[in-house]
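Report on the structure given below.
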Amino acid sequence: MKKLFILIYICLSSLTTFAQLDRSKRPTPGPAPAIRLGKYESFQLANGLKIFVVTNKKLPRVAVNLILDYIPPLEKEVTGLGDITGQMLRTGTQTRTKDQIDEQIDFLGATLYTSSSGAYGSSLKKHQDKLMEIMADLLLHPSFKQEELDKIKTEKKNELSLSKDEPESILQQVKSVVLYGKDHPYGEITTEKSIDAITLDKINTYYTTYFKPNIGYMAFVGDITLAEAKALTEKYFSTWKQGTVPTPTYIQPKVPAKTKVIVVNKPEAVQTVLSIAYPIDFKPGPPDAIKASITNDILGYGGFSGRLFQNLREKHGYTYGAYSSLQNDRLVGSFSAGGNIKTNVIDSAITEIVSEMRRIRDVVVTDAELKQTKNIRNGIFVQSLEDPQTIARFALNTARYKLPADYYSNYLKNIEAVKIPDIQSMAKKYILPENAYILVVGNASEFEAKLQQFGEIIHYDAEGNKIEASTTSSTIPADITADKIIGNYINAIGGKEKLIKIRDVSTSMSARVQGMEMTGIRQQKTPNKLKMSMKIASMGMEVLKIVSNGNKATFSAMGNTQELTGKELESTKAMNTLFPELYYDQIGVTRTLKGTEKINGSDTYVIELTLPGGSKTTEYFEINSGLKIRQILVGETNGQTVSQTTNFGDYREVSGVKFPYLLSTSFGPQVVDLKVTSIELNKGLGDEIFE
Amino acid sequence: MQKTLLLFVSFCLSILVHGQQTRINFTEYELPNGLKVILHQDNSTPIVAVTVMYHVGSKNEDAKRTGFAHFFEHLLFEGSQNIGRGEYAKIVEGAGGELNANTTFDRTFYYEVLPSNQLDLGLYLESERMLHARIDQEGVNTQRNVIKEEMKQTRDNRPYGRLLSETMSRAFKVHPYKTDVIGTAEHLDAASLEEFIAFYKQFYVPNNAILSIAGDIDIEKTKQSIAKYFSEIPKGTQPIFRPEANEPPQVAEIRDNFYDNVTLPAVIQAYRIPAQGTEDYYALNLLTSLLSGGESSRFTKEIKDKQQKALYVGSFPLALEHPGIFIAFGIANMGIKPEDLETTMNTEITKVQNEPISDLEFQKLKNQIESEFVNRNGSVTGIAENLANYEMYFGDANLINSEIDRYNKVTKEDIQRVAKKYLTKENRVALYYLPNASKPVPQVAPEPKTESPVPSQAQTPEKPAKETKKKKKKGN
């Protein structure tokens, strides 16, 4: 007996020792590590230059960053002046040519550049003195030369030309103009013309107005002590003369009263860049910055967890990534949400983003989601501490934005203090789905008709100028009407005489959907009877069935049957008519010629049909051939507007009548090519088929 | 502009060396299942990088199933037997961490950066990924769509987005480097779930991986945790496919035009060179510094600054496990013909071949390398990746400390010698990347040649890196 117990004991103990790891349980974290914020020290030179030092000797290197803290002026006809002035500073001093500057910096293995808001340099510690000597020479003793200005102008113009190819650059340009307007410095954009207008005089004036030590913050980071920084700045920057710098004020840019759609047509784009954006009064620091940032993180965090990423990428596969950002700024902040979106689902993507923006305003966030997001922000903060530049940034922000001295040391505590109701109140204040600009850059002919549902459409060119409609143009010959185009179409497919002789049509089709072979049969009979069935070939399973006897219609998908009613039934009855184009007046379809558009390189006429019940369909007729090559149906499902685009191609004649043998239809992100395998006419289909 | 250049700058930076003053100490060992482990302790910030590098890249793929390695870079975020679909990233981010992955021609790299008290979580997650990742039809379908959009975003809808892929497809005829890391949509569409599962079983096994951890850790405790989570993962049972370095030498210049939606023409020269780690490869790295390291470098000073022929001009050798290419590249200014730009590039190359380099200029190159090496190991994630790279490619993680010696062995004469040996006409592809508008109108209307979809970027991150960076800055 005793033996048995021992045996059991041994078995048990060996079990516990070698028990397989229970992988269903995630490891619990150890005690939270202590967070130590690095220290910084600061002092000021007699001329007002404020200096901050973060000593970190981990690597034998030193970085120095100078920020001139001034409110940017309106540059108007010389937009780009500040940028070019900043760049010019690195091209010559009273004692150094550009060649010498380049040689000397490279010889140190150093980095040194200048900009409209200051300068940045880094080098190994052993070269810090030389680095500071060159930096001071660039900033204090510049010599602006025409030759160098000409070179920079050429470079800038080439960069402009290049950015016109880049959809994301175009979006940024147009966004600045639309959000801030031309009376705000953030809304000005550089053009060839404004570059041409920049002169050495203007550069000199800009330099002498804004490059003053009393608005300067200089941060040293790395293997350098306070005493060393003092000695270096005294030596090289104490002769810099202070002066008064202008402090212009601007009218606060406003959000639009109603959401508008801004379209930039880029016909060759294979993807559409989307941003839903607006300017917003959102200041750095308390009381809102932390709470509002967490609110935005819940909506559109730049990692995987944000709702936009989860919805648009992980759930729908519309995009490689979707995010939102809420930027604070002393003058005017901004919100923006979007991504690079698959073109044929751009309308669905907008709908999803807008509904996420509404949801965060209207629906209380769960405790778990708030906790998750707080942890994310916590993590970002802790990770950022690895880089000693972070401490310098904290110091500069505290000074420039007049933040409380303990703002960053209390940062984690203040994240923890954010409560559930804060999220909704921040969302109501800063997330404004009904007052936004929906900016899209892409092949407008592919989506323009589908965007009208979101608001008034305004067209811009890539340089940020408002223009007349870029795709649907109005240059149509006076004698062309919608009915004439429809008449041409009827003639193109065979003519009225032949069409009215057709009593029924049986079409067999096949398609591949997600690697599976599907087959379909569509039967149509005059006046408006229809039966359609799609099956998975290998299983013989019917996945879709539509039956209509002309008075009622049922729709079955994967075993669920639904009888159509109301608006849907009315429009279905009308459009099930065999060759409805022959009978538009009788069945109550109104036709409007909307203009012309280019589709896949072909010019088309665009006709909008309003069906009985009020829903709309847009059809595109190729001008050369007269054939219908695209149809966009817009409908409503569960309160959401959805649209479906079908392209028609490969028209072939059957008994003298042309039918499209290829129908490419988009279902959400999927494009399904339906290939017609056979069409038979006048088989004498019985009415019972359609019951 | 910036983004296009960044791609090239990041290549240039990847050559940077590291240095003697700041020695990186590490512990290295192997588990019985073949998993190599490298640990580096640095307690200055309470974070830890947990990384796994798998020795599988696009070159290990079946030529009819390109894009698999990168596809896995997406799939392996879908979860595991114990981690629900879509939970993987949420768990990491909810623990205050960040995560991502990237794929190259030669390897795939997965990482999490976590608060150091979450080390075990990182180990658990990576072990789940290695032991029994979730590979199902739903995940495959979603990621197919996502990747098609990634292809457009990073390659098709971006000016010069096909530059590298078009170059590689001409420089390689046989070797898998000829195909894009991101692969082809058709191959991904055609692939069955079983094929994905088979790929996982072959390559994502402990004996094909390096677990590299750097940060605020205790070495002994970390070893125990690693044993706990990784020792039960069985060794792979199949032979791992490693392609031959089988590209025959090039004997005549390949010259071609490629038309795309750009406004400024670009000139690309791709010269065939030996693999990374060879003596000549180091000399070629110094040659790159000479040609395009900084504003005073030869290409930049002469072609961009003095002659104003290019908006950007540079060079870089691709760091590849098998013999690769050295790329010289320029975007012509408006009104400058690509022929004209290419002539000036050739003139500078000829100058290196024929005229001795001055001591002063050579010293500048050395100073640049010294400085670059110090900056190389600035983050624990970078250290973990560098250690794993060295171990994977050269079987010597300590190159993180000693590789500088290999650079220092290079002489002025070596730079001239490799310029003469490799930068020859016969040994190159010369590709003009031209605006669609300049395309000649064909006489007979031919079927447009279907360009075999080819490499876009040597490295394709799981998510756009830009976004991640942008967010990181928001700690203010």
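Numbered from 1 within each chain, the chains take letters A, B, ... in sequence-line order.
For the set B:Q368, B:Q118, B:M334, the entry with the most heavy-atom pairs within less than 4.5 Å of chain A is B:M334. Contact tally against chain A (heavy-atom pairs below 4.5 Å) for B:L360, B:L119, B:I147, B:I83: the top residue is B:L360. Most heavy-atom pairs under 4.5 Å with chain A, from the set B:S44, B:A332, B:G86: that is B:S44. Most heavy-atom pairs under 4.5 Å with chain B, from the set A:R23, A:E155, A:E103: that is A:R23. Interface summary for chain A: among B:L125, B:N333, B:D120, the most heavy-atom pairs under 4.5 angstrom belong to B:N333. With chain B as partner, the option from A:R36, A:H127, A:Q372 having the largest number of non-hydrogen pairs under 4.5 angstrom is A:Q372. Counting heavy-atom pairs closer than 4.5 Å to chain B, the top residue among A:S122, A:G442, A:S161 is A:S161. Chain A forms more heavy-atom pairs under 4.5 Å with one residue of B:K148, B:Q363, B:R85, B:E128 than with any other, namely B:E128. Contacts with chain A were tallied for B:Q81, B:K304, B:E138; B:K304 has the most, counting heavy-atom pairs under 4.5 Å.
For B:R158 and A:E168, the salt-bridge test passes: some basic side-chain N is under 4.0 Å from an acidic carboxylate O. Between B:E370 and A:K126, at least one side-chain N (NZ, or NE/NH1/NH2) sits under 4.0 Å from a carboxylate O, which counts as a salt bridge. Classification of A:E148 and A:K98 as a salt-bridged pair fails, no side-chain N sitting under 4.0 Å from a carboxylate O. Looking at B:E361 and B:R298, a side-chain N of the basic residue comes within less than 4.0 Å of a carboxylate O on the acidic one, giving a salt bridge. A salt bridge links B:R162 to B:D156: at least one charged side-chain nitrogen sits closer than 4.0 Å to a carboxylate oxygen.
In this structure, the portion of B:I47 lying under 4.5 Å from any heavy atom of chain A is its side chain and not its backbone. For a residue to count as touching a neighbouring chain, one of its non-hydrogen atoms must lie under 4.5 Å from one of that chain's; by this rule A:N56 does not touch chain B. When heavy atoms are compared at a cutoff of 4.5 Å, A:D106 approaches chain B by way of both its backbone and its side chain. Heavy atoms closer than 4.5 Å to chain A are found in the backbone of B:S297, but not in its side chain. No part of B:V140 comes within reach of chain A, as not one of its non-hydrogen atoms sits under 4.5 angstrom from that chain. Within the 4.5 angstrom heavy-atom criterion, atoms from both the backbone and the side chain of B:Y229 approach chain A. Neither the backbone nor the side chain of A:K374 comes within contact range of chain B; no heavy atom of the residue lies under 4.5 Å from a heavy atom of that chain. There is no contact between B:D260 and chain A, counting heavy-atom distances below 4.5 Å. Only the backbone of A:I341 has a heavy atom closer than 4.5 Å to any heavy atom of chain B. When heavy atoms are compared at a cutoff of 4.5 Å, B:K152 approaches chain A by way of both its backbone and its side chain.
Under 3.5 Å, the side chains of B:S296 and B:K364 contain a donor-acceptor pair of N or O atoms. No hydrogens or angles considered: a donor-acceptor pair under 3.5 Å links the side chains of A:D22 and A:S24. Between the side chains of A:Q271 and B:E149, at least one donor N or O sits under 3.5 Å from an acceptor N or O.
A:K371 pairs by the side-chain contact (heavy atoms from CB on, under 4.5 Å) definition with A:N375, A:E416, not counting sequence neighbours. The side chain to side chain donor-acceptor pair (under 3.5 Å) search around A:Q310 returns none, not counting sequence neighbours.
Just one of B:D42, B:V113, B:T45 meets the side chain to side chain contact (heavy atoms under 4.5 Å, CB included) condition when paired with A:E386; it is B:T45.
Other residues, nucleotides and ligands place more than 12 heavy atoms under 6.0 Å from the NZ atom of B:K366.
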